[in-house]
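Just so we're clear, the structure is a prediction, and the values are computed from it rather than from any experiment. What you see below is based on every heavy atom in this structure, not just the backbone, and it leaves out hydrogens, waters and symmetry mates.
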Amino acid sequence: MQIDSCASSSSLYSSLSLHKQEPRSTFNFNANVFRNIPQLRCRNSSIPSLSSSFLPIKCSAGVVEKEIQDGTIRTITPGLPNIDPELLERLVHDALVWSSLHGLIVGDKRIQRSGSVPGVGMVHAPFALLPTMSFSESHWRQACELATIFNELVDRVSMDGKFLQESLSGTKKVDPFTSRLLDIHSRMQQMNKKEEVRMGLLRSDYMLDAKTNLLLQVELNTISCSFYGLSCLVGGLHRHLLNRYGEHLGLDSERVLGNNTINQYADALAKAWNEYNNPRAIVLIVGQAHERNMYDQYWLMNTLKERHDLTVIRKTMAQIDAESELRPDGTLVVEGQEVAVIYFRAGYTPKDYPSESEWRAKLLMEQSSAIKCPSVSYHLVGTKKIQQELAKPNVLERFLDNTDDITKVRKCFAGLWSLDDPSVVKNAIRNPKSFVLKPQREGGGNNIYGEDVRDALLKLDKKGSEELTSYILMQRIFPTASPAFLVLDGICHQEHAISEFGIYSAYLRNKEKVILNDDCGYLIKTKAQSSDEGGIVAGYAVSDSVYI
């Protein structure tokens, strides 16, 4: 299967130069999707609802305005209509056919074996039927420039073991998972383990705050940045639909922003493999035992084989514990083959360590001479607590030399606070809807919002100050909501939706030589405004593309 839906451009920056137009200042649903269709009708009842979290939107009339309610900014579009039901039906049908034929799929959670046996229980990945948002070129340029700065920042922070240990010392006391990671990190320091070749495949996630029009970082992911394959396919899906129906919709397929993450990630891993300098060595992908998003990983494996003729194997951590060997010189051997690069798509959540077997595998891999993507130090840099520490005054100056870079990074930081400040906790209890309470967890479904923030803080406060250190408070970002069509389980839902977008990036350094530092494409996650969490496979959001 060819990945012909991915753009051929090497970066977002170069992709933007292909689209000449007046810049836009913010996310806005392209009104031409609706206004240029002569047969538009307002029939919300024609779109069934899957659950209470995806409620059909009633049409509204009147002048465009912004309504602020409970801290939420919502765009009211005059006479918000549906696409003509017959056209909508054709769009959805063609989109589902294209998704099935091109591998825009995940495992079906209703089928028990769908996360372990390829080809069993497949369902289309949730997607937006049409591009939901347009974006200003200036904000895209900002995000792309930030990607390379964050790459360098992560690498430098990872080298400061004292900073990592001290910053996470409070979390270690109350969070067993982070504590185990810190223990492994400490052992590597005691061994004086040198990671001469250091690699990161990262993704920095942002939202555009409607009140300030500022691009604000939601989080920085340093491990298991998923959907690099499927995100390319969504852009291909949208170009396919607009090639067929763009004249009716008033949209141009050429203005769907290209995405080349899958190829760039494969090229980055191949560069790391070259640095290991053993032509017989392999790439090891560490996956979860029951991974419904396995096809995203198989896209990468297939691309590495087709573009670079590399041998790639995929193992769970338990399998690595049972089947691998660490030789005295640090060589890691799996299935009798030397491992050059280890790419982690597992190990970021306590659920990935159901027994000591998984922890043995983690330690074994860290002790090896294989290039880790990421190493345990890179992993720790991505914790919420380190994100909060870096936002403190004068901390960035410890790791970045360029004052312009420091200014650019600081500008994108949302408000981040430790819970060891009683005044901050009191403010959050008084105004819980203005904050998000974040634990040291990845994978979606972990953050606390709204009135639950107050309840959680009161409970944590009773348990004592140590419990508070395992969380951080973050300013809640309120992007503008736009009309959207979200397709889940073959059903189209019309929503007021908001979008979060991530910039993928790759970084590779051998000793003092930077071999690669680049942005690598994007991921758009669009969700109903009523939904707080944003994971796609977790069921909170759909994958989307950008219309320039």
Side-chain angles (χ1 to χ4, degrees), residues 153-195 198-200 202 219-225 286 317 320-321 326 330 342 344-392 395 398-399 416-420 437-443 446-447 460 463-474:
L153 177 62
V154 168
D155 185 65
R156 294 190 181 186
V157 175
S158 76
M159 299 296 289
D160 194 330
K162 182 179 179 182
F163 174 78
L164 290 174
Q165 289 286 335
E166 290 180 351
S167 298
L168 293 167
S169 60
T171 304
K172 181 176 182 177
K173 296 177 182 179
V174 293
D175 185 344
F177 175 62
T178 303
S179 177
R180 293 293 295 266
L181 292 175
L182 284 167
D183 286 344
I184 292 175
H185 177 259
S186 181
R187 288 187 64 171
M188 297 305 102
Q189 287 187 297
Q190 293 168 9
M191 292 171 54
N192 197 27
K193 180 73 167 61
K194 300 293 186 183
E195 298 291 344
R198 305 189 297 278
M199 183 182 193
L202 316 177
E219 63 181 351
L220 178 62
N221 302 277
T222 61
I223 183 171
S224 188
C225 300
V286 183
M317 297 182 82
I320 292 167
D321 178 52
L326 184 64
I342 305 169
F344 285 92
R345 281 298 305 268
Y348 57 87
T349 171
K351 295 179 181 178
D352 290 342
Y353 299 86
S355 70
E356 285 301 310
S357 174
E358 287 76 17
W359 285 112
R360 285 195 300 269
K362 177 67 174 176
L363 178 60
L364 189 76
M365 288 184 283
E366 289 297 328
Q367 291 174 321
S368 77
S369 58
I371 300 167
K372 273 77 70 175
C373 182
S375 65
V376 68
S377 58
Y378 265 53
H379 183 175
L380 291 170
V381 176
T383 58
K384 305 297 190 296
K385 182 62 179 176
I386 296 299
Q387 184 183 7
Q388 179 256 315
E389 287 291 319
L390 291 173
K392 288 182 176 180
V395 175
R398 179 171 176 173
F399 302 105
L416 292 158
W417 302 275
S418 169
L419 298 189
D420 57 9
L437 188 61
K438 292 189 170 186
Q440 304 296 342
R441 294 290 179 268
E442 303 294 339
N446 300 301
N447 298 333
L460 288 169
K463 293 181 179 180
S465 59
E466 285 191 352
E467 288 291 333
L468 292 171
T469 60
S470 62
Y471 291 82
I472 68 162
L473 272 172
M474 181 175 176

Verdict with supporting geometry, Leu181 and Lys172, side-chain contact (heavy atoms from CB on, under 4.5 Å): CA-CA 9 Å; Leu181 292 175; Lys172 181 176 182 177; over 6 Å; no
If you apply the rule side-chain contact (heavy atoms from CB on, under 4.5 Å), what do you find for Ser158 with Thr222, and how did you get there? CA-CA 11 Å; Ser158 76; Thr222 61; over 6 Å; no
Would Gln388 and Lys385 satisfy side-chain contact (heavy atoms from CB on, under 4.5 Å), going step by step from the backbone distance to the final call? CA-CA 5 Å; Gln388 179 256 315; Lys385 182 62 179 176; 2.8 Å; yes
Give the intermediate values and the outcome of side-chain contact (heavy atoms from CB on, under 4.5 Å) for residues Tyr378 and Ile223. CA-CA 8 Å; Tyr378 265 53; Ile223 183 171; over 6 Å; no
Run the side chain to side chain donor-acceptor pair (under 3.5 Å) check on Ser357 and Ser355 step by step: do they pass? CA-CA 5 Å; Ser357 174; Ser355 70; 4.5 Å; no
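Here the straight-line distance linking atom OG of Ser369 with atom CG of Leu326 works out to 8.0 Å at 0.5 Å rounding. Interatomic distance, Leu220 CG to Leu153 CG, rounded to the nearest 0.5 Å: 8.0 Å. Distance check, rounded to the nearest 0.5 Å: CG of Leu164 to OG of Ser169 gives 11.5 Å. We find the NZ-CG distance between Lys392 and Leu416 to be 11.0 Å, quoted to the nearest 0.5 Å. Note that CG of Leu460 is 6.5 Å distant from CG of Leu437, once rounded to the nearest 0.5 Å. In this structure, CG on Leu380 lies 6.0 Å from NE2 on His185, to the nearest 0.5 angstrom.
Within the 4.5 Å cutoff, the side chain of Leu419 has heavy atoms near those of the Leu473 side chain. Arg198 has its side chain out of reach of Lys372: every pair of non-hydrogen atoms, C-beta onward, lies at least 4.5 Å apart. No side-chain heavy atom of Thr178 sits less than 4.5 Å from a side-chain heavy atom of His379. A heavy-atom distance below 4.5 Å is not found between the side chains of Met159 and Ser377.
Summarising the geometry of Ile386 relative to Ser167, their closest heavy-atom pair is CD1-CB, 3.6 Å, with the distance given to 0.1 Å. Closest heavy-atom contact between Val381 and Val157: CG2-CG1, 3.8 Å. In terms of heavy atoms, Pro439 sits closest to Asn447 at CD-OD1, 3.7 Å. In terms of heavy-atom proximity, Leu202 sits nearest to Val154 at CD1-CG2, 4.0 Å. Scanning all heavy atoms of the two residues, the minimum distance from Tyr353 to Phe177 falls at CE1-CE1, 3.5 Å. In plain terms, the two heavy atoms of Val376 and Glu366 that are nearest each other are N-OE2, 3.1 Å.
When the side chain to side chain donor-acceptor pair (under 3.5 Å) test is applied to Thr171, no partner is found at least two apart in sequence or on another chain. Not counting sequence neighbours, the partners of Arg398 by the salt bridge (charged side-chain N to carboxylate O under 4.0 Å, His left out) test are Asp160. Residues meeting the salt bridge (charged side-chain N to carboxylate O under 4.0 Å, His left out) test with Asp420, sequence neighbours left out: none.
Between the side chain of Lys194 and the main chain of Asn192, no donor-acceptor pair closer than 3.5 Å is present. The main-chain N or O of Asp183 is never found under 3.5 Å from a side-chain atom of Ser186 such that the two would form a donor-acceptor pair.
Aromatic ring pairs are classed by plane angle as parallel below 30°, tilted from 30° to 60° and perpendicular above 60°; the pair Phe399 and Phe163 is perpendicular.
With respect to the salt-bridge test (charged N to carboxylate O, under 4.0 angstrom), the residues Lys362 and Glu358 do not qualify. Ion pairing of Lys384 with Glu219 is present here, as a side-chain N (NZ or NE/NH1/NH2) and a carboxylate O approach within less than 4.0 Å.
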